[in-house]
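Nothing here was measured: the structure is a model prediction, and the numbers come from that model. Note that the numbering runs from 1 along the sequence shown for the chain.
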Amino acid sequence: MYFTLLITVILTAVVLVVGAYVVAKLIGPRSYNKVKGEPYECGIPTRGSSWLPVSIGYYLFAILFLIFDVETVFLYPWAVVVKEFGAMALLSIGFFLVVLVFGLAYAWRKGALEWK
């Protein structure tokens, strides 16, 4: 039963993606020229390379956001089963939160949360 459902979901996804692509190709406007292939930056022609180095702080900030976002995702299932597992569940989530708080304190102390 689950195998049939899996195959149905996969086939539906493939048909929808291919169908959307075909429809876009059939009814979409077609105008190809050299200017459309160039990168656009507010109407100003680009000079030099558009591959510029980006501060690592942006990536670090994004990773920290993802870590604490995932934390909240893990808290929901825990909240559902906390009564069934009792004190062990409380200790587990306590340890989980302590590790995350230490991670936040470390990032804060290193200045990862400051824009420079």
Hphob cluster co-occupancy, I93 + V82, side-chain heavy atoms under 4.5 angstrom: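 Looking at the clustering, V82 is in the same group as I93.
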W78, CH2 atom: more than 12 neighbouring heavy atoms under 6.0 Å: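 Yes, because the 6.0 Å sphere around CH2 of W78 holds more than 12 heavy atoms from other groups.
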Flag, side chain of R30 to backbone of K25, donor-acceptor distance under 3.5 Å: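 Yes; judged by distance alone, with no hydrogens or angles, the pair exists.
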Pairing residues for Y59 by the side chain to side chain contact (heavy atoms under 4.5 Å, CB included) criterion, not counting sequence neighbours: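 Y59 satisfies side chain to side chain contact (heavy atoms under 4.5 Å, CB included) with V54, I56 only.
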Counterpart residues, side chain to side chain contact (heavy atoms under 4.5 Å, CB included), relative to L100 (two or more places apart):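 Result, side chain to side chain contact (heavy atoms under 4.5 Å, CB included) vs L100: I67, F68, E71, F96.
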Going by side-chain heavy atoms closer than 4.5 Å, which hydrophobic residues are tied to [X], directly or by a chain of links?
X   : answer
V98 : F102
V81 : V80, F85
V73 : none
F95 : V99

Output a table of donor-acceptor pairs, distance under 3.5 Å, between side-chain atoms of residues 7-19 and any protein atom two or more places apart or on a different chain; print 'none' if there are none.
from, atom 1, to, atom 2, distance (Å)
T8, OG1, T4, O, 2.7
T12, OG1, T8, O, 2.7

Residues in ring pair (Phe, Tyr, Trp, His ring centres under 6.0 Å) contact with F61, at least two apart in sequence or another chain: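 Only W115 meet the ring pair (Phe, Tyr, Trp, His ring centres under 6.0 Å) criterion with F61.
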